[in-house]
Student: 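The structure's right below; bear with me while I get my questions together.
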2 protein chains.
Amino acid sequence: MTPDSQSSADRMPTIRDIAEIAGVATSTVSRALSNPQRVNARTREKIERIASELHYVPSSQARGLSSGRTGVIAVLVPDITNPFFFDIIRGTQHQLKASGYTQLLVDTEEATDVELDTLRKLRRSTDGAVLAASRLTDQQLADTALRQPLVTINRATADAPTVLIDTPSAVVQALEHLASFGHKSVVYAAGPTSSWSNHRRWKAIEEAAAKRGMTAMRIGPYAPTAFSGAAAADAALSTGATAMIAFNDLLAIGMLQRFHERGVRVPLDVSIVGCDDMFGSDFCNPPLTTIASPVEQAGRVAVSMLMAQLDPIHGGTPRKLAVMPTHLKIRASTGPARG
Amino acid sequence: MTPDSQSSADRMPTIRDIAEIAGVATSTVSRALSNPQRVNARTREKIERIASELHYVPSSQARGLSSGRTGVIAVLVPDITNPFFFDIIRGTQHQLKASGYTQLLVDTEEATDVELDTLRKLRRSTDGAVLAASRLTDQQLADTALRQPLVTINRATADAPTVLIDTPSAVVQALEHLASFGHKSVVYAAGPTSSWSNHRRWKAIEEAAAKRGMTAMRIGPYAPTAFSGAAAADAALSTGATAMIAFNDLLAIGMLQRFHERGVRVPLDVSIVGCDDMFGSDFCNPPLTTIASPVEQAGRVAVSMLMAQLDPIHGGTPRKLAVMPTHLKIRASTGPARG
DNA sequence: AAACCGATGGCAATCGCTTGCCGTTGGTTT
DNA sequence: AAACCAACGGCAAGCGATTGCCATCGGTTT
């Protein structure tokens, strides 16, 4: 320790210190720093100079306490280890930083009550929240939206703005793709029951399959993890279907691994389509045909919609819904149906 | 909107509301809630009951302002999209939640100045920080450690407790493994120059290779991304080495993809060893032989070391260093040397 | 019985910043 | 020249907790 380690670690400067040096009132310092056009340019410059010399950093606590705004936005994801959400997180992170907000990331562990609880606890300390793939019920969501600014991703609701990834329309492409390879039956490995996208995907498959005269079956639900893929693979195989669509890539990759173990050849014996085009889908074996979408952008858009909600004046027309396009990305896990 | 939506969203209850109902002073409420043994059991129970009826949630802002503690720990990672850090994040997240802290995740984008800047800004609003793979210089680290409680992961320094992942010792195993396959020369695809682990790994390789009479070469630096793998692969190939070790799995997987494109067969033509055993290393093609370590646990340990630093009384003996074991995980990307 | 004492609860000062309200000041308008 | 007005700064009251200090009180110790 250097002799002056004490003094340098002493105490963080406050607006009062600045005010004293500048010979003005603290209110002026406060305004100069957070409402620049409210004070004379000369005064402001002087204050800014002193502030930077002192390495002044405003206390977000104090600021939040008196202003009511915290500058923090919570981002809730069901599973922080699912690469799909990484891209969302990256998107929200970027956009939030650009807007001067801090991101508070929370892993709700796929649990409704954790999600609800977190939201309640965080109501005070955040200005709003982005719910990615929320597991809440409509009612819970409505109640929550009443109390704090919210934007959901992949979870439509009338009570809050939503960013939707338009998977269903790409599901149609996927079925066409499979049909063109001569597949007659397809099985859907479902995700969590509480997942809204899961229902949506199945509906789309069911419908599109009917239209094309294909048989659509459904197995599951499975946890959206590679680990669950083994069970899904076995079940899928026993349906006799030659084509399968998985709730997400994680599950699909797990299935791929299981097939490999069992000596089932992909795409020779079965074709498989994932969903999300997450990290890893391009380098697994075989590379996964999947439904890609601008996930990171979805995160960005969600944040900008939230910003618009927080500040309706500058926010432009607050959109209630944004739909992100998707497309089928054909790689090597799909091929002609077995003889 | 229901008629009473206004009133219910009205205002969050404060200790004053509780105090009024309970007929005590706010100080008593404060104590009952955060220093239970300081007030009579009966009074406490009454206050607790009222608090829960009111759905009281303490304002972390106000608490922080007056107590000086924030209940927030910052976790800084160089790249939030690198799966290696996912496990660290998960580890810190778990341990922090268990200790009643909130995790503030920050992506420093591999940039020293972002890291430094963040640390300065966050000094006020956090109680401490975990620096994963910090890119700071020794001096910067020392200065920072003087001002705020810190724990580093994979970045040794005398100024702060450190969690080290003992990759070097597994590197020796890796070289033995390669040597036993008849490889005579190995090339190391280096990571970022500012990465401390990078230096450490290269040192270990150099040394171990010398001891075994193998030739060790080094190429790079490369950004630790799959994308950079292409360049690394090409450069590695042109060295003529038959075995390669990559700074991390991300880079290794990128190399794998490039080899695939160029028709170089792994492990027939070249063998490749990654580092970290991150998500995806088990299902890439071929599955990657890599150096595995308990990354999530490293995150946990880092947090508990930080906790010990924050509260030296209950924290037990504050360890200054924890070394996590590693081991070579042999999969399919390594095999006999050609010829 | 006098002096003491630990447990309990209240008072009031802070923490650092924001903001409504008001007073000054120097320039404009009529 | 009287009346006005916008721009600028200061005053002071909070925001919601924590905490040092003190008063009270029933029970002990000598």
Side-chain angles (χ1 to χ4, degrees), chain A residues 10-48 50-51 54-72 100 102 121-127 311, chain B residues 10-48 50-51 54-72 100 102 121-127 311:
Chain A
D10 231 351
R11 195 176 53 78
M12 303 223 50
T14 72
I15 50 169
R16 233 170 102 164
D17 300 324
I18 300 180
E20 245 158 51
I21 299 180
V24 298
T26 61
S27 47
T28 305
V29 176
S30 171
R31 288 193 188 102
L33 263 26
S34 51
N35 201 355
Q37 76 283 16
R38 179 65 175 69
V39 353
N40 184 291
R42 282 254 280 292
T43 321
R44 168 160 43 82
E45 273 159 26
K46 183 175 179 187
I47 290 176
E48 278 168 352
I50 297 178
L54 256 44
H55 291 304
Y56 169 75
V57 178
S59 153
S60 48
Q61 316 247 30
R63 193 200 291 268
L65 190 53
S66 57
S67 71
R69 284 171 265 107
T70 64
V72 176
T102 299
K121 293 229 176 82
L122 256 42
R123 175 140 108 85
R124 254 234 163 82
S125 37
T126 57
D127 292 346
D311 180 7
Chain B
D10 230 351
R11 195 176 54 77
M12 303 225 49
T14 72
I15 50 170
R16 234 170 102 163
D17 300 324
I18 300 180
E20 245 158 52
I21 298 179
V24 298
T26 60
S27 47
T28 305
V29 176
S30 171
R31 289 192 188 103
L33 263 26
S34 51
N35 200 355
Q37 76 284 13
R38 179 66 175 69
V39 345
N40 185 292
R42 282 255 280 291
T43 320
R44 168 160 44 82
E45 274 158 26
K46 183 175 179 185
I47 290 176
E48 278 168 351
I50 297 178
L54 256 46
H55 291 304
Y56 169 75
V57 178
S59 153
S60 46
Q61 316 248 28
R63 193 200 292 267
L65 189 54
S66 56
S67 71
R69 285 170 264 109
T70 64
V72 176
T102 300
K121 294 230 176 82
L122 256 41
R123 175 141 109 85
R124 256 233 164 83
S125 38
T126 58
D127 291 346
D311 181 6

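First the proteins, then the strands, lettered A, B, ... as listed; each starts at 1. These numbers were taken from a predicted model, which means no experiment stands behind them.
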Student: Reading DNA chain D from 5' to 3', where do the contacts with chain B start and stop? Cut-off is 4.0 Å to heavy atoms.
Tutor: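 With heavy atoms of chain B under 4.0 Å away, the range is D/dG16 to D/dC21.
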Student: With sugar-phosphate meaning primed atoms plus P, OP1 and OP2, does B/Arg16 contact a base, only sugar-phosphate, or nothing at under 4.0 Å between heavy atoms?
Tutor: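 No contact.
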Student: Give B/Thr14 one of three labels, base, sugar-phosphate or nothing, depending on what nucleic acid heavy atoms sit under 4.0 Å from its own.
Tutor: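 Sugar-phosphate, no base atom in range.
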Student: If you take all heavy atoms of A/Ser34 and A/Pro36, which pair is closest and at what distance?
Tutor: C-CD, 3.6 Å
Student: Applying a 4.0 Å non-hydrogen cut-off, can you work out what B/Arg69 is touching in the nucleic acid: base, sugar-phosphate, or nothing?
Tutor: sugar-phosphate
Student: How close do B/Leu65 and A/Ala62 get, heavy atom to heavy atom, and via which atoms?
Tutor: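 For B/Leu65 versus A/Ala62, the nearest heavy atoms are CD1-CB, 3.8 Å.
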Student: Any side-chain N or O of B/Thr28 under 4.0 Å from OP1/OP2 of C/dG10?
Tutor: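 So the side-chain polar atoms of B/Thr28 do come within 4.0 Å of the phosphate oxygens OP1 or OP2 of C/dG10, strictly under.
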Student: So, is A/Ser30 close to the C/dC17 phosphate, meaning a side-chain N or O under 4.0 Å from OP1 or OP2?
Tutor: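 The answer is no; no side-chain N or O of A/Ser30 sits under 4.0 Å from OP1 or OP2.
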Student: For a quick check, tell me whether the side chain of A/Arg63 and the base of C/dG16 share a donor-acceptor pair closer than 3.5 Å.
Tutor: no
Student: Establish, with yes or no, whether the OP1 or OP2 oxygen of C/dT18 is under 4.0 angstrom from a side-chain nitrogen or oxygen of A/Thr26.
Tutor: no
Student: Locate the shortest heavy-atom distance separating A/Thr43 from A/Val39; write the atom from each residue and the value.
Tutor: CB-CG2, 4.0 Å
Student: Kindly state each residue pair satisfying side-chain hydrogen bond (donor to acceptor under 3.5 Å, both in side chains) with at least one member in residues 13-30 of chain A, sequence neighbours excluded.
Tutor: A/Arg11-A/Asp17
Student: Classify B/Ser59 by what it touches in the nucleic acid, base, sugar-phosphate, or nothing, heavy-atom distance under 4.0 Å.
Tutor: sugar-phosphate
Student: CZ of A/Arg63 to CG of A/Leu33: how many Å apart, nearest 0.5 Å?
Tutor: 7.5 Å
Student: For the residue pair A/Gly68 and A/Asp127, what are the closest heavy atoms and their distance?
Tutor: O-OD1, 4.2 Å
Student: Between C/dC17 and A/Ser67, counting only base atoms on the nucleotide and side-chain atoms on the residue, is there a donor-acceptor pair under 3.5 Å?
Tutor: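 Donor-acceptor pair under 3.5 Å: no.
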Student: Whole angstroms only, please: what is the CD1-P distance between B/Ile15 and C/dC11?
Tutor: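 Interatomic distance, CD1 of B/Ile15 to P of C/dC11: 13 Å.
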Student: Select base, sugar-phosphate, or nothing to describe what B/Ser34 touches, counting heavy atoms under 4.0 Å on all strands.
Tutor: sugar-phosphate
Student: Kindly say whether A/Val57 contributes a backbone atom to a donor-acceptor pair with the side chain of B/Arg124 at under 3.5 angstrom?
Tutor: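 Yes: the side chain of B/Arg124 pairs with the backbone of A/Val57.
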Student: Could you check how far CD of B/Glu45 sits from C1' of C/dG9, rounded to whole Å?
Tutor: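 Distance, rounded to whole Å: 17 Å.
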Student: Among the candidates C/dG20, C/dT8, C/dG16, find the nucleotide nearest to the side-chain atoms of A/Leu65.
Tutor: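 Closest nucleotide among those given: C/dG16.
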Student: Mapping B/Ser66 and B/Ala25 onto DNA chain C by nearest heavy atom, which one lands closer to the 5' end?
Tutor: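 Result of the comparison: B/Ala25.
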Student: Answer yes or no: side-chain N or O of B/Arg124 and base N or O of C/dG16 forming a donor-acceptor pair under 3.5 Å.
Tutor: no
Student: Using rotation axes that map the C1' atoms of four end pairs onto the next four (five pairs an end), what angle separates the end axes of the helix from C/dA1-D/dT30 to C/dT30-D/dA1, to 10°?
Tutor: 30°
Student: Once you round it to whole Å, what is the distance between P of C/dA7 and CZ of B/Arg44?
Tutor: 14 Å
